[in-house]
Each structure stands twice: as structure tokens, then as C-alpha cells.
Amino acid sequence: MPLPTRRGLDAVPAYRQGRSAPAGASKLSSNESPHPPLPSVIDAVHDRLGSIHRYPDMSAAALRGRLAERYDVDPSLVTVGAGSVEIAAQLIHAVAGDGDEVMFAWRSFEAYPSLVRIAGATPVAVPLTSEHVHDLDAMLAAITPRTRLIFICNPNNPTGTVVGADELERFVAAVPQDVLVVIDEAYVHFDRTMYYSGGTEGAGIELFRRHPHVAVLHTFSKAYGLAGLRIGYAIAPAEIAENQRKVAVPFGVTDLAQIAASASLDAEDELAIRIDEVVRQRDRLHTLLTAAGWPAVRSQANLVWVPAGERTEELETLLREGGVITRAFAGEGVRISSGSAEDIDRVEAALAASAANPDLSARKEATV
Ligand SMILES: *Cc1c(COP(=O)(O)O)cnc(C)c1O
């Protein structure tokens with residue numbers, strides 16, 4: 001007798017984690033921070049270890065209060081989750097079910113299509129432009145009476161491209177108000193076109209203030225270096241936030257994650273220095289790849305996308321042989337996370353070694 005399975009689950013691919021790196025190699029496959037946790041964050045977590053026999057504060061009141069103050073919104077509009085992946089799932093479950101459509105650009109964050117299918121909804125993937133940017137006109141044209149939610153990943157993973165605040169404003173204004181637009185700003189801290197212009201936050205929070213059908217998604221995993229603790233948050237319209245709380249897994253966010261997030265907000269000046277360094281290495285990575293003849297795309301995230309097409313495996317292999325683990329999408333391209341200066345030194349050495357060794361490309365051509 002076969003065990004029960006849920007109908008439709010065959011269509012859901014399991015999430016693939018970025019390759020792990022052998023000891024000593026540079027792990028540039030998951031867009032993590034290359035910096036170890038701040039001592040003040042470690043201390044805060046350490047101080048809390050004595051109470052892990054207790055359940056966490058499910059409402060994350062202290063952290064949500066701080067975020068509400070920072071963005072000048074009511075605390076009831078701030079929701080937390082075990083990473084912003086969980087928040088993305090909450091938002092989908094809050095607005096979409098069987099037969100509803102959830103739209104996103106493609107390629108974009110790999111979790112979107114599976115999260116949509118798991119909710120029983122239908123994913124609608126709209127191709128990026130030839131410049132690897134969200135095609136907002138095509139997305140508008142793809143809206144149907146069944147559309148419930150549209151993700152805009154800005155900057156986009158894996159391409160690092162952004163859509164500007166004005167374009168985004170026009171888009172949001174054109175989307176019917178019974179469709180929720182979710183601006184996923186996982187990489188906003190690395191965006192030098194928006195985040196630092198005028199010294200404000202990313203475009204998402206501004207759009208949230210001006211339109212009734214916008215939610216913003218932020219995470220502590222990337223710029224703040226807490227990927228291992230799993231914590232992210234959304235700022236969403238009241239009715240949406242209320243329904244998110246209904247679909248959230250109870251106690252999904254630990255006290256350790258909450259306290260680490262608060263400690264990180266206390267250390268933003270220190271974190272800004274680290275973020276600047278990641279941005280410097282990202283731009284250096286772009287320059288090195290371009291100089292070596294690879295079609296790297298200008299990035300505003302902590303990663304560089306190389307749409308290498310049929311040379312994807314060649315690039316992934318030559319970097320791996322140089323001790324650099326990346327994320328390759330077969331036949332499409334390679335995503336390389338920005339790392340420490342030493343990590344990018346390795347990329348430089350690997351590119352130089354392959355240039356000095358024409359055998360490698362000749363060998364490749366022979367096997368194609
Ligand atoms: C990494 C990432 C996230 C967040 O991941 P969490 O660790 O779950 O917070 C969200 N959106 C995008 C586009 C990402 O790349």
C-alpha cells in the first residue's frame with residue numbers, strides 16, 4: 001500500500017542550498033556575509049542562552065517595537081519570521097490559494113516558485129529583459145483577475161540588477177489595488193543607487209507609505225550577517241499583517257534570533273563599514289571578470305551574475321579548481337557572492353591561471 005502524498009506535490013522542486021565548500025575553500029555560493037558575527041551580537045546571544053528552556057516571545061514585541069519606531073509605522077504592521085523566506089511564505093498563504101496566481105520575474109529568487117506551489121497557487125514567471133532587469137511592462141500585461149500577489153526582488157537575486165524608485169512607483173500605481181505588491185529588499189543595503197541616496201531606506205518603505213497594496217520584506221541574513229539564526233521581517237498593510245499572524249508557524253522565531261537582531265540594530269555603524277567592504281569587493285569582482293572577458297552584469301547586491309550560457313560549466317569549474325565555490329545554473333550562468341578581499345584574491349588568481357593556460361579552454365572546446 002503506498003503512503004499518502006499530497007496531490008500536486010510532484011510539481012514542487014525541493015529547495016537546493018548553495019554548494020558547501022571543502023575546508024579552506026571560499027564559499028561564495030549563498031550570498032552570506034564573509035564577516036564573522038560581531039562580538040556584541042555574540043555576547044547578546046550568549047547572555048540569552050540560560051533561558052532557552054523557555055519558549056520565545058511569539059510576538060517578538062521588543063524587536064517589532066524597535067522596527068516600528070525606526071520606520072515610523074504602527075507595531076501591528078511589522079511581522080517577523082524565521083528568515084524572510086518564511087515571511088514570503090506567510091504573505092503568499094495570506095492572500096493566495098487554489099487557482100490564484102502569484103507573479104514574479106524569472107530568473108529571480110529560487111524559493112518563489114516552490115513557495116507558491118506549496119500554497120496551492122499558480123506561479124507566473126515573467127522573463128527578465130535582455131539587460132537582466134525586471135520587465136515591469138510585461139509584468140503589468142501579465143496581470144489577470146486571478147493575480148493576488150506580485151514579488152519584485154530589488155535588487156534582484158541572482159542578477160543584482162535594480163529597478164529605480166520612479167519606475168517602481170509607476171508600476172505600483174498601475175497595479176490594481178486588490179493585488180499585493182511585495183518588494184523583497186533582501187539586498188537593499190548593498191544598493192548604492194537607492195539606499196544611500198538622500199540617506200534614507202530603500203524604495204520599498206516609501207512605496208509602502210504611499211500605496212495601500214504594498215508590503216516590504218527585509219532580512220537580517222545578508223547585510224547583517226545572521227543567516228544562521230533565521231530572522232526576517234515584513235512591513236505590511238494591517239489586514240495582510242493580521243492574516244500573516246494566522247498562517248505563521250507558532251514560535252518559529254527564537255529568542256536568540258530576536259536578541260541578535262536587536263543587537264545588530266544597535267551596531268549599525270559597525271555593520272555599515274562591513275557592508276562598504278562587501279560592496280568594494282563586489283565591484284572589484286565585476287572588474288576582474290569583465291577584464292577576463294566574462295559577461296559580468298553590474299550589480300547592486302552582494303553578488304555578481306555572469307550569464308555565461310554554454311560556458312557556465314567552464315567558469316564554475318575553473319573557479320572551483322581555484323578554491324572558489326559558486327552557484328551555477330546549468331546553461332544559464334554563474335552567481336558569485338561577494339566575499340572578503342582574500343576570497344576575491346582567489347577569484348583573481350583562478351582567472352589568471354585559466355588565462356595563462358589556454359589548454360583549459362581548448363580542452364573544453366574539444367569536449368563540447
Ligand atoms: C537570501 C534571500 C532572502 C532571505 O533569506 P532569509 O535567510 O530567509 O531571510 C529573501 N529574498 C531573497 C531574494 C534572497 O535572496
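As the structure lists them, so they are numbered: ligands from 1, and atoms in each ligand from 1.
- Ligand 1 lies within reach of C153, whose nearest heavy atom is under 4.0 Å from it.
- Heavy-atom proximity to T219, at under 4.0 Å, picks out these atoms of ligand 1: 6 (P), 9 (O).
- Aromatic ring pairs are classed by plane angle as parallel below 30°, tilted from 30° to 60° and perpendicular above 60°; the pair H189 and Y224 is perpendicular.
- Contact analysis leaves G232 out of contact with ligand 1, as no non-hydrogen atom separation drops below 4.0 angstrom.
- The protein heavy-atom contact nearest to atom 10 (C) of ligand 1 is S84 OG, 3.1 Å.
- For the pair S221 and ligand 1, the shortest N or O to N or O distance falls below 3.5 Å.
- Between N157 and ligand 1, at least one N/O pair is under 3.5 Å apart.
- Residues E169 and H211 bring a donor and an acceptor atom of their side chains to less than 3.5 Å of each other.
- No option in L265, L229, V41 other than L265 meets the side chain to side chain contact (heavy atoms under 4.5 Å, CB included) test with F220.
- For ligand 1, the atoms closer than 4.0 angstrom to any heavy atom of A186 are 2 (C), 3 (C), 10 (C), 11 (N), 12 (C), 14 (C).
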Note to self: I'd like to know whether M139 forms a side-chain contact (heavy atoms from CB on, under 4.5 Å) with M103, so could you lay out the CA-CA distance, the side-chain angles of the two residues, the decisive distance to 0.1 Å, and finally the verdict.
What the structure shows: CA-CA 8 Å; M139 294 181 89; M103 193 191 299; 3.8 Å; yes

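- The shortest N or O to N or O distance between I231 and ligand 1 is not under 3.5 Å.
- Grouping the Ile, Leu, Val, Met, Phe, Trp and Tyr side chains by contacts below 4.5 angstrom, directly or via other members, places I273 apart from V279.
- At least one heavy atom of D184 sits less than 4.0 Å from an atom of ligand 1.
- Tested against S76 for a side chain to side chain contact (heavy atoms under 4.5 Å, CB included), the candidates V73, T79, D74 yield a single pass: D74.
- Contact annotation: for Y187 versus ligand 1, heavy atoms closer than 4.0 Å belong to the side chain alone.
- Ring planes of Y15 and F109: perpendicular class, angle over 60° (limits at 30 and 60°).
- Residue contact check for ligand 1: R230 places a non-hydrogen atom closer than 4.0 Å to it.
- The residue from T161, V162, T159, D283 that alone fulfils the side chain to side chain contact (heavy atoms under 4.5 Å, CB included) condition with R298 is D283.
- The shortest contact between atom 14 (C) of ligand 1 and any protein heavy atom is with K222 NZ, 3.2 Å.
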